[in-house]
> 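Handing you a structure now.
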Amino acid sequence: MTCFRLLRWKKKSRSQIVQQDIDVPLHGNVKIYSSKELKRATRNFCSGNKLGQGSFGCVYLGKLKNGQKVAIKVLSSESKQGTREFLNELSVISSITHHNLVKLHGCCVDGGQKMLVYNYLENNSLARTLFGMFNQISIFIRTLNRW
Ligand SMILES: Nc1ncnc2c1ncn2[C@@H]1O[C@H](COP(=O)(O)OP(=O)(O)OP(=O)(O)O)[C@@H](O)[C@H]1O
(Lines give C-alpha, C1' and ligand atoms only; values in the text may rest on other atoms or scores of the structure.)
Protein backbone atom coordinates (compact mmCIF):
# COMPACT_ATOMS: atom_id res chain seq x y z
CA MET A 1 0.00 0.00 0.00
CA THR A 2 2.78 2.43 1.01
CA CYS A 3 4.73 1.50 -2.14
CA PHE A 4 1.64 2.17 -4.26
CA ARG A 5 1.17 5.63 -2.66
CA LEU A 6 4.86 6.44 -3.14
CA LEU A 7 4.63 5.54 -6.84
CA ARG A 8 1.52 7.70 -7.28
CA TRP A 9 3.21 10.63 -5.45
CA LYS A 10 6.29 10.32 -7.66
CA LYS A 11 4.11 10.52 -10.78
CA LYS A 12 2.81 13.99 -9.84
CA SER A 13 4.72 16.94 -11.25
CA ARG A 14 6.12 19.56 -8.88
CA SER A 15 3.68 22.17 -10.22
CA GLN A 16 0.74 19.88 -9.41
CA ILE A 17 2.04 19.42 -5.88
CA VAL A 18 2.48 23.17 -5.31
CA GLN A 19 -0.91 23.93 -6.78
CA GLN A 20 -2.65 21.25 -4.73
CA ASP A 21 -1.05 22.42 -1.49
CA ILE A 22 -1.85 26.09 -2.00
CA ASP A 23 -4.90 25.78 -4.24
CA VAL A 24 -3.90 28.51 -6.69
CA PRO A 25 -4.25 27.75 -10.40
CA LEU A 26 -0.97 28.77 -11.99
CA HIS A 27 -0.81 30.13 -15.52
CA GLY A 28 0.46 27.57 -18.04
CA ASN A 29 3.83 29.20 -18.73
CA VAL A 30 4.97 29.59 -15.12
CA LYS A 31 7.56 26.96 -14.42
CA ILE A 32 7.96 25.75 -10.87
CA TYR A 33 11.61 25.23 -9.96
CA SER A 34 12.80 23.33 -6.92
CA SER A 35 15.14 25.12 -4.52
CA LYS A 36 17.66 22.31 -5.17
CA GLU A 37 17.60 23.13 -8.91
CA LEU A 38 18.17 26.85 -8.26
CA LYS A 39 20.89 26.15 -5.68
CA ARG A 40 22.72 24.05 -8.25
CA ALA A 41 22.22 26.72 -10.95
CA THR A 42 23.77 29.45 -8.78
CA ARG A 43 26.44 27.26 -7.12
CA ASN A 44 24.61 27.57 -3.82
CA PHE A 45 23.96 31.30 -4.30
CA CYS A 46 27.69 32.02 -4.09
CA SER A 47 28.66 35.68 -3.82
CA GLY A 48 30.55 35.47 -7.15
CA ASN A 49 27.21 34.88 -8.89
CA LYS A 50 25.50 37.89 -7.32
CA LEU A 51 24.33 40.33 -10.01
CA GLY A 52 22.93 42.98 -7.72
CA GLN A 53 20.57 43.93 -4.97
CA GLY A 54 17.14 45.54 -5.27
CA SER A 55 14.50 46.61 -2.78
CA PHE A 56 13.01 43.11 -2.71
CA GLY A 57 16.16 41.04 -2.38
CA CYS A 58 19.35 39.83 -4.06
CA VAL A 59 19.61 38.78 -7.70
CA TYR A 60 21.95 35.93 -8.74
CA LEU A 61 23.14 34.68 -12.11
CA GLY A 62 22.17 31.06 -12.60
CA LYS A 63 22.84 28.47 -15.26
CA LEU A 64 20.08 25.88 -15.66
CA LYS A 65 20.72 22.24 -16.59
CA ASN A 66 19.91 23.00 -20.26
CA GLY A 67 22.64 25.68 -20.24
CA GLN A 68 20.24 28.62 -20.22
CA LYS A 69 21.37 31.64 -18.19
CA VAL A 70 18.79 33.11 -15.83
CA ALA A 71 18.59 35.86 -13.23
CA ILE A 72 17.22 34.53 -9.94
CA LYS A 73 15.70 37.03 -7.56
CA VAL A 74 15.66 35.76 -3.97
CA LEU A 75 12.88 37.70 -2.27
CA SER A 76 13.66 38.99 1.16
CA SER A 77 12.14 36.76 3.85
CA GLU A 78 10.94 39.96 5.58
CA SER A 79 8.25 40.28 2.89
CA LYS A 80 4.80 39.97 4.44
CA GLN A 81 3.26 38.71 1.20
CA GLY A 82 1.74 35.26 1.59
CA THR A 83 2.31 32.36 -0.80
CA ARG A 84 -1.23 32.57 -2.20
CA GLU A 85 -0.89 36.30 -3.03
CA PHE A 86 2.60 35.69 -4.42
CA LEU A 87 1.39 32.95 -6.79
CA ASN A 88 -1.65 34.97 -7.86
CA GLU A 89 0.57 37.93 -8.72
CA LEU A 90 2.97 35.64 -10.52
CA SER A 91 0.22 34.22 -12.74
CA VAL A 92 -0.72 37.75 -13.81
CA ILE A 93 2.88 38.91 -14.42
CA SER A 94 3.85 35.80 -16.38
CA SER A 95 0.98 36.26 -18.80
CA ILE A 96 2.33 39.66 -19.87
CA THR A 97 4.81 39.72 -22.75
CA HIS A 98 6.30 43.05 -23.76
CA HIS A 99 9.65 43.88 -25.38
CA ASN A 100 10.37 46.42 -22.58
CA LEU A 101 9.76 43.87 -19.82
CA VAL A 102 12.11 41.12 -18.70
CA LYS A 103 10.52 37.74 -19.31
CA LEU A 104 9.57 35.88 -16.17
CA HIS A 105 10.23 32.14 -16.50
CA GLY A 106 9.00 30.83 -13.21
CA CYS A 107 9.30 30.69 -9.49
CA CYS A 108 10.25 28.63 -6.51
CA VAL A 109 8.44 28.49 -3.18
CA ASP A 110 10.23 26.57 -0.49
CA GLY A 111 8.73 27.13 2.93
CA GLY A 112 8.91 30.87 3.57
CA GLN A 113 11.53 31.35 0.83
CA LYS A 114 10.28 32.72 -2.49
CA MET A 115 12.32 33.14 -5.67
CA LEU A 116 11.61 34.48 -9.14
CA VAL A 117 13.40 33.28 -12.27
CA TYR A 118 13.86 35.80 -15.09
CA ASN A 119 15.61 35.90 -18.44
CA TYR A 120 19.21 36.94 -17.88
CA LEU A 121 20.04 40.31 -19.47
CA GLU A 122 23.67 40.62 -20.51
CA ASN A 123 23.83 44.40 -20.37
CA ASN A 124 23.35 44.77 -16.64
CA SER A 125 21.14 47.40 -15.03
CA LEU A 126 19.43 50.39 -16.62
CA ALA A 127 21.27 52.59 -14.12
CA ARG A 128 24.65 51.33 -15.38
CA THR A 129 23.59 51.73 -19.01
CA LEU A 130 22.44 55.29 -18.34
CA PHE A 131 25.63 56.00 -16.36
CA GLY A 132 27.69 54.72 -19.33
CA MET A 133 25.72 56.97 -21.69
CA PHE A 134 26.18 59.91 -19.29
CA ASN A 135 29.96 59.33 -19.31
CA GLN A 136 30.06 59.26 -23.10
CA ILE A 137 28.00 62.47 -23.34
CA SER A 138 30.27 64.29 -20.84
CA ILE A 139 33.38 63.18 -22.83
CA PHE A 140 31.70 64.48 -26.00
CA ILE A 141 30.90 67.87 -24.34
CA ARG A 142 34.49 68.18 -23.01
CA THR A 143 35.81 67.47 -26.55
CA LEU A 144 33.49 70.17 -28.00
CA ASN A 145 34.66 72.69 -25.35
CA ARG A 146 38.31 72.17 -26.36
CA TRP A 147 37.53 73.40 -29.91
N1 LIG B 1 17.15 39.87 -15.55
C2 LIG B 1 18.29 40.35 -15.12
N3 LIG B 1 19.43 40.13 -15.81
C4 LIG B 1 20.62 40.62 -15.38
N5 LIG B 1 20.77 41.32 -14.25
C6 LIG B 1 19.68 41.57 -13.50
C7 LIG B 1 18.39 41.11 -13.89
N8 LIG B 1 17.50 41.50 -12.96
C9 LIG B 1 18.18 42.18 -12.05
N10 LIG B 1 19.50 42.24 -12.35
C11 LIG B 1 20.55 42.88 -11.58
O12 LIG B 1 20.18 42.88 -10.21
C13 LIG B 1 20.04 44.22 -9.71
C14 LIG B 1 18.86 44.29 -8.78
O15 LIG B 1 17.70 44.11 -9.54
P16 LIG B 1 16.25 44.28 -8.94
O17 LIG B 1 15.28 44.06 -10.03
O18 LIG B 1 16.12 43.42 -7.72
O19 LIG B 1 16.20 45.74 -8.39
P20 LIG B 1 16.20 47.14 -9.13
O21 LIG B 1 15.19 47.12 -10.21
O22 LIG B 1 17.63 47.48 -9.50
O23 LIG B 1 15.77 48.09 -7.95
P24 LIG B 1 14.36 48.15 -7.20
O25 LIG B 1 14.04 46.79 -6.69
O26 LIG B 1 14.62 49.10 -6.10
O27 LIG B 1 13.38 48.65 -8.21
C28 LIG B 1 19.90 45.08 -10.95
O29 LIG B 1 20.36 46.38 -10.73
C30 LIG B 1 20.73 44.34 -11.98
O31 LIG B 1 22.09 44.67 -11.85
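This chain uses plain numbering: 1 for the first residue, then up along the sequence. All heavy atoms count here, side chains included; hydrogens, waters and symmetry mates do not. Each ligand, and each atom within it, is numbered from 1 in the order the structure gives.
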> Identify which of S55, G54, G52 has a heavy atom lying nearest to atom 27 (O) of ligand 1.
S55
> With sequence neighbours excluded, tell me which residues meet ring pair (Phe, Tyr, Trp, His ring centres under 6.0 Å) with F56.
none
> One residue to check: L51. Relative to ligand 1, which of side chain, backbone, both or neither has a non-hydrogen atom less than 4.0 Å away?
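The answer is both.
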> Step through the shown structure and confirm whether more than 12 heavy atoms of other residues, nucleotides or ligands are within 6.0 Å of NZ on K103.
yes
> Does S35 offer a backbone N or O that forms a donor-acceptor pair with the side chain of D110 under 3.5 Å?
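Such a contact is absent between D110 side chain and S35 backbone.
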> For ligand 1, does L61 get within less than 4.0 Å through its side chain, its backbone, both, or neither, judged by non-hydrogen atoms?
neither
> For Q53, counting its heavy atoms only, list the atoms of ligand 1 lying under 4.0 Å from any of them.
13 (C), 14 (C)
> Identify, by atom number and element, the atoms of ligand 1 in contact range of Y120, meaning under 4.0 Å from any of its heavy atoms.
3 (N), 4 (C)
> Under 4.0 Å from a heavy atom of K73: give me the atoms of ligand 1 that qualify, with their elements.
16 (P), 17 (O), 18 (O)
> Is a donor on one side and an acceptor on the other found under 3.5 Å between the side chain of Q113 and the backbone of S76?
no
> Tell me if a side-chain donor or acceptor on N44 pairs with a main-chain N or O of C46 at a distance below 3.5 Å.
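No; judged by distance alone, with no hydrogens or angles, the pair does not exist.
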> Number the atoms of ligand 1 from 1 as they appear, then name those within less than 4.0 Å of a heavy atom of V102, with their elements.
1 (N)
> Looking only at non-hydrogen atoms, find the nearest pair between N49 and T42 and report the distance.
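In terms of heavy atoms, the two residues are closest at ND2-O, 3.2 Å.
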> Applying a heavy-atom cut-off of 4.0 Å, say which part of V59 lies close to ligand 1: side chain, backbone, both or neither.
side chain
> Short list, please: which atoms of ligand 1 are under 4.0 Å from a heavy atom of A71?
1 (N), 2 (C), 3 (N), 7 (C)
